[in-house]
Amino acid sequence: MGDAPAGGYVQLLTPDGEHAGSVTTEQGVTYSVGFTDDEYRDLYRDLVTVRRLDAEGVALQRQGELGLWVSLLGQEAAQVGSGRALRPQDMAFPSYREHGVLYARGLDPIMPFSLFRGIDQGGWEVAEHRFNNYTLVIGAQTLHATGYAMGVRLDGKAGGPDGEAVIAYFGDGATSQGEVNEAFVWSSVFAAPVVFFCQNNQWAISQPLERQTRNPIHRRADGFGFPGVRVDGNDVLASYAVTRAALDDARQGRGPTLVEAYTYRMGGHSTSDDPSRYRTVGEVEAWKAKDPISRVRAFLVKQQLADDDFFAQVDADAGKIALDLRERVMSLSDPQPVTMFDNVYPEGSPETDRQRDGFTGYHDSFRG
């Protein structure tokens with residue numbers, strides 16, 4: 001599984017750090033990026049920071065400070081690249097692993113930590129950051145994204161270069177869910193301005209890709225009547241270019257696109273999973289050679305855009321951000337149990353009031 005997939009994919013940056021100016025697909029679509037030197041360095045900084053914050057999540061869970069953590073290790077390029085491709089007016093619908101997209105959208109990185117610590121259900125302002133709450137129900141966010149995109153279309157906010165677009169993130173395993181296929185049908189028929197971004201990390205928990213599909217995932221779009229494209233998900237430049245083009249097509253009113261980011265989950269499905277039980281060491285080692293951060297570092301060195309001092313400073317800065325995050329997570333206070341009733345309905349209800357009173361009375365009976 002460490003080799004390039006049959007049929008290839010859009011790649012602008014090789015594992016050795018060689019940068020292709022542009023790539024044209026068999027369909028005649030050309031992908032390229034036009035970053036400045038500072039923007040290339042910023043992408044590297046984002047990748048390193050996101051990985052460091054993710055490692056902190058794993059460590060905190062192992063130390064009993066989080067109930068669960070869902071790591072993105074190995075998928076940083078797919079997330080940072082696609083996240084940076086979003087324009088300010090676009091809306092993202094994540095699953096539960098998109099910490100890199102969350103960071104790229106400018107949210108405080110502590111937000112998913114409070115969720116997995118079990119003290120809230122995701123405390124960020126969705127409208128402000130244009131980033132929806134995490135969705136733990138596999139594939140459900142694709143329907144949410146499609147419905148939102150239909151609203152965008154019906155409100156007349158798509159159909160031009162400054163229009164809005166929507167992106168939905170999910171994994172290869174989610175493509176077996178009915179919700180995802182329903183979203184494909186609806187968005188295709190009604191030309192919803194939505195991009196379906198599948199991070200194909202090769203494993204749906206312990207089930208390999210070949211147990212999910214006989215054909216490449218991006219080709220499923222053919223049957224629903226809209227384009228599909230496969231991108232090297234460990235290439236941050238290609239992930240950016242392909243996602244930006246798909247989003248721009250959506251905002252122009254050309255309907256949905258399915259992007260398959262061909263990547264690899266280096267860790268477990270979550271911190272409750274032991275991947276050594278179902279995959280080989282050799283497979284993991286083969287994918288390490290395609291590490292998304294190493295290839296950007298190699299590119300920066302070859303282009304003489306960064307030196308050892310720069311890389312050391314990036315590592316130090318990421319460490320400081322992670323340490324600050326750790327301290328903030330450790331200082332989060334547990335909510336009072338009765339607050340579980342606060343947001344069941346926006347204006348409350350007699351039934352929840354009755355339940356709250358009963359719950360409070362029961363707990364008060366133990367005092368003294």
Test item: I321 and R52 side chains (from C-beta on) under 4.5 Å apart, heavy atoms: no

Do NZ/NE/NH1/NH2 and the carboxylate oxygens of R45 and D42 come within less than 4.0 Å? yes

Verify the ring-centre separation between F226 and F184: is it less than 6.0 angstrom? yes

Answer with yes or no whether the side chains of T14 and D16 bring together a donor and an acceptor at under 3.5 Å. no

Any donor-acceptor N/O pair, E260 side chain to H218 backbone, under 3.5 Å: yes

Above 12 or not: heavy atoms from other molecules or residues under 6.0 Å from CG of D308? no

Quick one: pull up OH in Y264 and CE in M266 and give me the separation to the nearest 0.5 Å. 7.0 Å

Does anything in residues 46-73 pair up under ring-ring contact (aromatic ring centres under 6.0 Å, His included), and if so which pairs, sequence neighbours excluded? W69-H99, W69-F113, W69-F116

M330 meets the side chain to side chain contact (heavy atoms under 4.5 Å, CB included) criterion, sequence neighbours left out, with L60, E65, R326

Could you check whether Y134 and Y96 have their ring centres less than 6.0 Å apart? no

Between D274 and R277, is a salt bridge (charged side-chain N to carboxylate O under 4.0 Å, His left out) present by the stated rule, with each step listed? CA-CA 6 Å; D274 177 8; R277 298 182 61 185; 5.1 Å; no

Hey, is D108 close enough to R328 for a salt bridge, meaning N to O under 4.0 Å? yes

Please report the C-alpha distance between D342 and R356 in whole Å, then the side-chain angles of each, then the deciding distance to 0.1 Å, and finally whether the side-chain contact (heavy atoms from CB on, under 4.5 Å) criterion is met. CA-CA 9 Å; D342 289 350; R356 179 189 293 105; 3.9 Å; yes

Neighbour count >12 (heavy atoms, 6.0 Å) for atom CD, Q304: no

Pairing of D90 and R251 as salt bridge, 4.0 angstrom limit: yes

If I take atom CD1 from residue I119 and atom CG from residue L332, how far apart are they, to the nearest 0.5 angstrom? 4.0 Å

Basic-acidic side-chain contact under 4.0 Å: D54, R51: no

Non-hydrogen atoms of V166 and L247 that approach each other most closely: O-CD2, 4.0 Å

Taking all non-hydrogen atoms of both residues, which atom of A204 and which atom of Q212 are closest, and how far apart? CB-NE2, 3.5 Å

Under 3.5 Å donor-acceptor, E285 side chain and G282 backbone: no

Is any side-chain heavy atom of Q202 less than 4.5 Å from a side-chain heavy atom of R265? no

Using 30° and 60° as the class limits, which term best fits the ring planes of H363 and F359: parallel, tilted or perpendicular? tilted

Going by atom types alone, do T263 and N201 pair a side-chain donor with an acceptor below 3.5 Å? no

Looking at D353, I'd like to know if its CG atom is crowded, meaning that more than 12 non-hydrogen atoms belonging to other residues, nucleotides or ligands lie closer than 6.0 Å. yes

Side chains of R130 and P88: closer than 4.5 Å at any heavy-atom pair? no

Got a second to check how far K290's NZ is from N234's CG, nearest 0.5 Å? 7.5 Å

Side chains of Q199 and Q79: do they bring a donor and an acceptor to under 3.5 Å? yes

If only side-chain N and O atoms count, and only distance matters, is there a donor-acceptor pair under 3.5 Å linking D317 with Q313? yes

Residues, nucleotides or ligands: over 12 heavy atoms within 6.0 Å of K320 NZ: no

side-chain hydrogen bond (donor to acceptor under 3.5 Å, both in side chains) evaluation trace for S22 with S32: CA-CA 5 Å; S22 65; S32 63; 5.9 Å; no

Indicate the ring-plane relationship of Y278 and W203, choosing parallel, tilted or perpendicular according to the 30° and 60° boundaries. tilted

Taking every heavy atom of P15 against every heavy atom of A289, the minimum-distance pair comes out as CB-O, 3.7 Å

Are more than 12 heavy atoms, taken from residues, nucleotides or ligands other than E125, located less than 6.0 Å from that residue's CD atom? no

Give a yes or no answer on whether the side chain of N181 reaches the backbone of Q177 with a donor-acceptor pair at less than 3.5 Å. yes

Heavy-atom pair of closest approach, residues Y40 and F299: CD2-CE2, 3.6 Å

Look only at the side chain of R41 and the backbone of L305, and say whether a donor-acceptor pair between them is shorter than 3.5 Å. yes

First locate atom CG of L237, then atom CG of L12, and finally report the distance between them rounded to the nearest 0.5 Å. 6.0 Å

Taking atom CH2 of W186 as the centre, does the number of heavy atoms from other residues, nucleotides or ligands within less than 6.0 Å exceed 12? no

Can the ring centres of F93 and Y169 be said to be less than 6.0 Å apart? no

Under 3.5 Å: donor-acceptor pair, side chain of R230, backbone of A261: no

Full working for side-chain contact (heavy atoms from CB on, under 4.5 Å) between V70 and H269: CA-CA 7 Å; V70 186; H269 176 74; 5.7 Å; no

Between the side chain of T339 and the main-chain N/O of P335, is any donor-acceptor distance below 3.5 Å? no

Give the table of side-chain donor-acceptor pairs shorter than 3.5 Å for residues 188-197, with sequence neighbours excluded, one pair per line with atom names and distance.
from : atom 1 : to   : atom 2 : distance (Å)
S188 : OG     : F224 : O      : 2.4

Which of parallel (below 30°), tilted (30 to 60°) and perpendicular (above 60°) describes F311 and Y44? perpendicular

R295/D291 salt bridge by N-O under 4.0 Å criterion: no

For the pair S71 (side chain) and L73 (backbone), establish whether a donor and an acceptor sit closer than 3.5 Å, ignoring hydrogens and angles. yes

Please examine the side chains of D232 and V10, heavy atoms only from C-beta on, and report whether any two atoms are closer than 4.5 Å. no

Applying side-chain contact (heavy atoms from CB on, under 4.5 Å), run through T213 and T175 and close with a yes or a no. CA-CA 9 Å; T213 179; T175 61; 5.8 Å; no

Lys/Arg-Asp/Glu bridge criterion (N-O < 4.0 Å) met for R84, D46: yes

Kindly give the heavy-atom pair with the smallest separation between V23 and A20, and that separation in Å. CG2-CB, 4.4 Å

When you look at S95 and F170, which way does the side-chain contact (heavy atoms from CB on, under 4.5 Å) test go after all the steps? CA-CA 6 Å; S95 61; F170 53 98; 5.5 Å; no

NZ/NE/NH1/NH2 to OD/OE distance under 4.0 Å, E164 and R87: no

Considering residues, nucleotides and ligands other than Q89, do more than 12 of their heavy atoms fall under 6.0 Å from its CD? yes

Rounded to the nearest 0.5 Å, what separates atom CD in E18 from atom CD in Q11? 11.0 Å

Tell me whether the count of non-hydrogen atoms from other residues, nucleotides or ligands lying under 6.0 Å of CD in Q336 goes above 12. no

Quick one: CZ on R97 to OG on S270, what's the gap to the nearest 0.5 Å? 8.0 Å

May I ask you to test the L258-V229 pair for a side-chain heavy-atom distance under 4.5 Å? no

Which atom names give the shortest non-hydrogen contact between T243 and S82, and what distance separates them? OG1-CB, 3.5 Å

